[in-house]
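Residues take their numbers from the sequence shown, with the count starting at 1.
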Amino acid sequence: MTRSAEAAELWFVMRKAAHWCHLHAARSISKLDLCVSDFAVLSVLRARGPLRPDAIGKKVLLTSGSVTSALDRLERERLTERRTDPSDGRASLVFLTDRGAELARQATDKHTASMLGVFSVLTEKERDDLRHLLKKLGKFAQAAHSTPRASKRAVAISVATRRPRHLDTASTRKRAVPVTR
């Protein structure tokens with residue numbers, strides 16, 4: 001198998017595994033009367049303490065609009081509250097309420113038990129290896145995605161076939177031309 005075919009197959013296998021694990025997690029979370037994004041926000045606030053909305057989005061991989069929607073839902077349920085950041089009066093910090101902290105604890109305990117079921121197919125060493133490899137892969141992919149376009153091309157050349165490749169497929173698509181009337 002060529003390196004490029006192997007890489008494509010690894011990506012596909014990882015994508016399928018992530019898909020099924022995500023569906024399992026979403027089902028587990030929905031039993032708690034939460035959606036995945038609300039659960040993620042509660043979990044990060046429980047683990048990290050009060051955060052700014054933009055920091056929450058970065059930690060749980062949500063857009064600013066999705067974070068705002070989640071925070072609005074959680075505030076309506078009196079699970080979180082926004083307060084002015086004392087270090088910057090223009091910004092706000094999001095806090096868990098006592099009710100939110102208790103729900104986050106219960107939800108995390110139940111969700112953890114559910115995820116243990118999924119990962120029980122792996123030995124402890126396999127779970128440690130998987131964690132290490134996914135972190136390594138994720139950090140590399142994030143760095144490659146975050147570098148300027150010229151550097152991305154250099155990464156693609158050095159990692160793949162040593163031929164220039166276009167990583168930004170959006171730039172190669174035909175653009176719709178607006179119709180003027």
Taking salt bridge (charged side-chain N to carboxylate O under 4.0 Å, His left out) as the definition, give me every residue that meets it alongside Arg131, ordered by chain and number, with sequence neighbours left out. Asp128

Write down the atom of Ala104, the atom of Leu96, and the distance for their closest heavy-atom approach. CB-CD1, 4.4 Å

Hphob cluster co-occupancy, Val36 + Leu34, side-chain heavy atoms under 4.5 angstrom: yes

In chain order, what residues pass the side chain to side chain donor-acceptor pair (under 3.5 Å) check against Lys125, with sequence neighbours excluded? Asp129

CG (Leu71) and OG1 (Thr80) are apart, to the nearest 0.5 Å, by 5.5 Å

When hydrophobic residues are tied together by side-chain contacts of less than 4.5 Å, even through go-betweens, does Leu122 share a cluster with Met14? yes

Rounded to the nearest 0.5 angstrom, the CZ-CG distance for Phe39 and Leu103 is 9.5 Å

What's the separation between atom CD in Glu6 and atom CZ in Arg3, rounded to the nearest 0.5 Å? 8.0 Å

As an exercise, state the distance from NE2 of His132 to CG of Leu137, rounded to the nearest 0.5 Å. 11.0 Å

Non-neighbouring partners of Lys135 that pass salt bridge (charged side-chain N to carboxylate O under 4.0 Å, His left out), sequence neighbours left out: none

Can you name the salt bridge (charged side-chain N to carboxylate O under 4.0 Å, His left out) partners of Glu9, sequence neighbours left out? none

Checking Glu77 now: which residues fulfil salt bridge (charged side-chain N to carboxylate O under 4.0 Å, His left out) with it, not counting sequence neighbours? none

Only pairs at least two apart or in different chains count here, so list each ring pair (Phe, Tyr, Trp, His ring centres under 6.0 Å) that has a residue in residues 11-38. none

Taking salt bridge (Lys or Arg N to Asp or Glu O under 4.0 Å) as the cut-off, I'd like each qualifying pair that reaches into residues 61-76, sequence neighbours left out, listed once. Asp38-Arg73, Asp72-Arg82, Glu75-Arg82

Reported CG-to-CD1 distance for the pair Leu61 and Ile56, which is rounded to 0.5 angstrom: 13.0 Å

Identify, with sequence neighbours excluded, every residue that meets side chain to side chain donor-acceptor pair (under 3.5 Å) alongside Arg105. Glu102, Asp109

Atom OG in Ser92, atom CG in Leu51: separation rounded to 0.5 Å? 11.0 Å

Is the shortest heavy-atom distance from the side chain of Val41 to the side chain of Leu62 under 4.5 Å? yes

Tightest non-hydrogen contact, residues Val94 and Pro53, listed as CG2-CG, 4.0 Å

Smallest heavy-atom separation, His111 atom then Ser28 atom, equals ND1-OG, 3.2 Å

Heavy-atom side-chain contact between Val60 and Ser37 under 4.5 Å: no

May I have all residue pairs that pass side chain to side chain donor-acceptor pair (under 3.5 Å) and include part of residues 49-66, sequence neighbours excluded? Arg52-Asp85, Thr63-Ser66

Which residues pass the side chain to side chain donor-acceptor pair (under 3.5 Å) test with Ser120, sequence neighbours left out? none

Using the rule that Ile, Leu, Val, Met, Phe, Trp and Tyr join whenever any side-chain heavy atoms are under 4.5 Å apart, tell me whether Ile29 and Leu42 fall into a single cluster. yes

My understanding is that only residues two or more places apart in sequence, or in another chain, count here; which of them pass side chain to side chain donor-acceptor pair (under 3.5 Å) with Arg90? Asp88

The complete set of side chain to side chain donor-acceptor pair (under 3.5 Å) pairs with one or both residues in residues 39-51, sequence neighbours excluded, reads none

Hydrophobic clusters here meaning ILVMFWY residues chained together by side-chain heavy-atom distances under 4.5 Å, can you tell me if Val121 and Leu134 are in one? yes

